[in-house]
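Structure first, commentary second.
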Amino acid sequence: MLHIINQSPFNSHALADCLRFAAATDVILLIEDGVYAALADSPALQFLQPQFAQRSVYALQEDILKRNISNKTLVTIKTIDYAGFVDLTLAHFPTQTWS
C-alpha cells in the first residue's frame with residue numbers, strides 16, 4: 001500500500017495517524033507540505049522520524065526544492081520526481097492519502 005502525506009506534521013496529525021496504521025511493508029510518500037516531515041534535526045519530529053527507518057519513505061523532490069529545504073532533509077528519505085510518483089502509485093496498490 002502507498003500512503004501519501006500532503007500536510008505538514010507541524011499543522012496536522014496526518015503523518016502520526018498514518019504511522020499508526022501503516023504496515024512495515026507499506027510505502028510512505030511525502031508531498032506538498034508533507035515534505036516538512038523530512039526535516040533533519042527537528043525536535044518536533046523526534047518521535048515520528050525513528051519510525052521512518054522501519055519503512056520505505058520517499059519525498060517529492062519538486063516540493064522539497066519549492067520549500068527550499070533540500071539541504072536540511074534526512075539522508076534516509078529517498079527523493080523522487082513526478083515520474084517516480086507515478087511509478088510508486090502503479091507499484092503499490094491501493095493508495096491512501098492522509099490529509
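Computed from heavy atoms alone, side chains included, the values below leave out hydrogens, waters and symmetry copies.
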Does [X] reach the side chain of [Y], with side-chain heavy atoms less than 4.5 Å apart?
{"X": "V27", "Y": "L88", "answer": "yes"}
{"X": "D33", "Y": "N6", "answer": "no"}
{"X": "I28", "Y": "L30", "answer": "yes"}
{"X": "M1", "Y": "H92", "answer": "no"}

Which heavy atom of [X] sits nearest a heavy atom of [Y], and at what distance?
{"X": "Y82", "Y": "L60", "value": "CE2-CD2, 3.5 Å"}
{"X": "V86", "Y": "T89", "value": "O-OG1, 2.7 Å"}
{"X": "Q7", "Y": "A14", "value": "CB-CB, 4.4 Å"}
{"X": "D63", "Y": "E32", "value": "OD2-N, 2.5 Å"}
{"X": "V35", "Y": "I69", "value": "O-CD1, 3.7 Å"}
{"X": "F85", "Y": "I80", "value": "N-CD1, 3.5 Å"}

Roughly how far, to the nearest 0.5 Å, is the [atom2] atom of [Y] from the [atom1] atom of [X]?
{"X": "I64", "Y": "I77", "atom1": "CD1", "atom2": "CD1", "answer": "7.5 Å"}
{"X": "R20", "Y": "H13", "atom1": "CZ", "atom2": "NE2", "answer": "9.0 Å"}
{"X": "L15", "Y": "H3", "atom1": "CG", "atom2": "NE2", "answer": "11.0 Å"}
{"X": "T97", "Y": "I4", "atom1": "OG1", "atom2": "CD1", "answer": "4.0 Å"}

List the steps and the verdict of side chain to side chain contact (heavy atoms under 4.5 Å, CB included) for L2 and D26.
CA-CA 6 Å; L2 174 63; D26 290 349; over 6 Å; no

Would you say K66 has more than 12 foreign heavy atoms packed within less than 6.0 Å of its NZ?
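No, NZ of K66 has 12 or fewer neighbouring heavy atoms, counting only those of other groups under 6.0 Å.
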
Counting only heavy atoms not in N68 (residues, nucleotides, ligands), do more than 12 fall under 6.0 Å from its CG?
no

What class does the angle between the rings of F21 and W98 fall in, given that below 30° is parallel, 30 to 60° is tilted and above 60° is perpendicular?
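Rings of F21 and W98: parallel, as their planes differ by under 30°.
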
Following the transitive rule for hydrophobic clusters with a side-chain heavy-atom cut-off under 4.5 Å over Ile, Leu, Val, Met, Phe, Trp and Tyr, establish whether [X] and [Y] coincide in one cluster.
{"X": "I31", "Y": "L19", "result": "no"}
{"X": "V57", "Y": "I5", "result": "yes"}
{"X": "L74", "Y": "Y58", "result": "no"}

Whether R67 side chain and E62 backbone form a donor-acceptor pair below 3.5 Å:
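Answer holds: no.
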
Short side-chain to backbone donor-acceptor contact, N11 and S8, under 3.5 Å
no

